[in-house]
Amino acid sequence: MTKKSVESMVRKVDTVELVKEYLENPVFKDATLVQSEILKSIRHVLDEKEFVELLPVTVSPITDPLNHPHFEAEFEYYGQKYSVTKSMILHKQVAVLVHKKIYIVSPNVRLETEDKMDSGRHLFDFVQIDMEMLEASREDVFDIMEDAIIHTIKTIKKKYPDIIRKYHPSLKTPSKPFKRYTVKELKEKYGERDYEKIASLNADEPFWMIDIPLMDREFYDKQDPKRPDVLLDFDLIYPEGFEEAISGGEREHEYEQILKRMKLKNTPPEQFEDYLAVAKAGILRHSAGCGIGIERFTRWVLALDHVEKTRLFAKTPGKHSI
Ligand code: ASN
């Protein structure tokens, strides 16, 4: 892309107008209040289940390769090449060997392309609560995250009934267990292309989308040994058209298998030398986990059109910001 074409696509922002909007438009105060409760409630559930909260990694020579087009955010420092964290997935696989159950309130920078500007779901700097459990299955992750979501919705409805009445009066407290649908089932019902969106629009409670096809995800989500064309991974999909809430899975931990998966996805192994060295040494173990996007959770709870309304200083793809 040339510099000029990039400039013509950018949406400029007037800083003073933006700050005035924060002060004058009640959505920012309401959404950040609710968001603060979301953070507290999820932490509460994970803490009760004896998870250990770790500090986030914000820069590292190793990060998530991601499975979609984006710009890189890299720099060199004393001879080492660093990237800003796109997700802590590969660090979680090591951290979970120190404590069996961990979570991180993790800021992620993903320099998305400007076509994501009006998706309503994308920021190029967002926060996910990223959790991981040693020797666990995806069912174990479902159980914990369902508790976290149900507890959070109940708490917000109880604490902020006026805000919920104003923004999302039809918000239902989901019941456990959430439904599960395979990608194959959804495609059969809603077609090959927009199955996720249509299924979300048709749902009135969040549901798990499981068995994502092998080539649709990065190398670290575990291939099902019994059905090699699918992964032991999942997304949680919000109802009412709000789409992806969580992504996660069981993980690959064996060196040869990781290398095979990297090759399948054209992920250059040289960029993951240190990670592969740890895998080759046989240190990694089976784990499962996921990440829940905090701005997206807030957006759904308040039925907002865009995640940029859920926080101050939001970074929207293709837009200038403060
Ligand atoms: N947090 C996700 C996971 O645990 C990874 C990601 O954000 N790409 O699978």
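Both counts, for ligands and for their atoms, begin at 1 and track the order of listing. The figures here come from the full heavy-atom set of this structure, side chains too, leaving out hydrogens, waters and symmetry mates.
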Test side-chain hydrogen bond (donor to acceptor under 3.5 Å, both in side chains) on Asp47 and Tyr103; report intermediate values, then the result.
CA-CA 9 Å; Asp47 293 344; Tyr103 74 93; 2.8 Å; yes
Kindly write out the residues that satisfy side-chain hydrogen bond (donor to acceptor under 3.5 Å, both in side chains) with Lys29, not counting sequence neighbours, or none if the list is empty.
none
Tell me every residue that passes side chain to side chain contact (heavy atoms under 4.5 Å, CB included) with Val16, counting only those two or more places apart in sequence or in another chain.
Asp14, Lys20
What residues form a side chain to side chain contact (heavy atoms under 4.5 Å, CB included) with Lys309, not counting sequence neighbours?
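Partners of Lys309 by the side chain to side chain contact (heavy atoms under 4.5 Å, CB included) criterion, ordered by chain and then number, come out as Val27, Leu304, Asp305.
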Pair Lys222 + Glu250: basic N to acidic O under 4.0 Å
no
Output yes when Glu218 and Lys265 qualify as a salt bridge under the 4.0 Å nitrogen-oxygen rule, no when they do not.
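So Glu218 does not pair with Lys265 through a salt bridge.
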When you look for protein heavy atoms under 4.0 Å from ligand 1, which residues do they belong to?
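For ligand 1, the residues that come within the 4.0 Å heavy-atom cutoff are Asp64, Ser87, Lys92, Arg110, Gln128, Asp130, Tyr220, Ser247, Gly248, Arg251, Cys290, Gly291.
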